[in-house]
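Take a look at the structure below.
First listed ligand is number 1; within each ligand, the first listed atom is number 1. All values below come from the heavy atoms of this structure, side chains included, with hydrogens, waters and symmetry mates left out.
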Amino acid sequence: MPRPRVYKTAAIVLRQRKLGEADKILTLYTPNYGKLDAVAKGVRRPTSKLAGHVEPLTYSSFLLAQGRELDIVTQAQTIEAFTPLREQLERTGHALYAAELVDRSTPERQEAYPVFRLLLETLRRLAQRDDLETCVRFFEMQLLDELGYRPQLDRCVGCDVPLKPETNYWHAGGGGVLSPTCAAGEPLAQPLSLNALKVLRLLQRGPFPEAGRVRLPPSLAAEVEQHLRDYIRYLLERDVRSAAFVETLRRQRFNRLGTGTG
Ligand SMILES: [Zn+2]
């Protein structure tokens with residue numbers, strides 16, 4: 001969608017970075033313009049009226065003016081502050097992960113309303129619900145769908161026969177699941193339990209309330225997380241900078257959990 005010289009848009013603030021003495025560059029995710037950067041001038045001064053409305057993970061209404069390189073924020077007003085995402089560390093970590101994943105996996109200025117809606121719904125869930133891991137797994141699976149990387153979970157990605165109810169194999173490079181026969185020739189394929197396959201299908205099929213009703217034992221939750229993360233890492237690693245980002249996330253998770261299995 002072409003932008004007028006001055007335009008109004010809602011947006012979720014994905015992140016901020018400092019610019020010059022008192023300014024910040026915001027990365028915004030909008031319903032109609034996709035992802036874009038905009039300058040918030042003077043926002044680091046204590047007197048700034050903008051500051052409270054442009055924090056990462058805030059959903060705000062913006063008035064933007066086209067600049068020579070980056071657009072300029074002329075007004076911002078919070079629509080939803082998601083206060084719990086700022087006050088509870090566990091919620092903060094999951095929400096920042098979701099925002100960073102959208103930031104790293106989407107191109108600039110390409111409209112993708114379903115991605116916007118998914119992120120907004122995910123932030124609402126992460127602010128309100130207690131099953132944060134389920135919220136994030138559902139977000140990951142649905143985002144993969146929207147980005148065109150829907151994993152194939154019903155038929156073997158090697159030979160296309162329907163998968164049997166047995167231990168199959170997760171193959172990130174192949175975009176889905178391999179049958180035991182096909183996995184024999186694929187050293188990078190990882191065993192995928194039948195229960196984990198069922199959970200992955202449930203996350204893919206949705207809607208969220210269905211997926212949100214299931215309570216997973218920790219080992220199964222860890223298996224599902226591992227497979228989804230492997231696939232996302234595989235996709236992002238095609239970009240070297242993104243790979244560094246995923247490593248950072250893995251380290252953060254490692255530190256948080258105090259285990260080596262993240
Ligand atoms: Zn096969």
Rounded distance (nearest 0.5 Å) linking atom OH of Y59 with atom CD1 of I79: 4.5 Å

Angle subtended at the Zn ion (ligand 1) by SG of C182 and SG of C159, to 10 degrees? 110°

What's the SG-the Zn ion (ligand 1)-OG angle here (C156, S179), rounded to 10 degrees? 100°

For a distance under 2.8 Å, tell me if T181 has an N/O/S atom near the Zn ion (ligand 1). no

Specify whether Y29 and F116 have parallel, tilted or perpendicular ring planes, treating 30° as the upper limit for parallel and 60° as the lower limit for perpendicular. parallel

Backbone N/O of P151 and side chain of Q204: donor-acceptor pair under 3.5 Å: yes

Side-chain ion pair, D37 and K24, N-O less than 4.0 Å: no

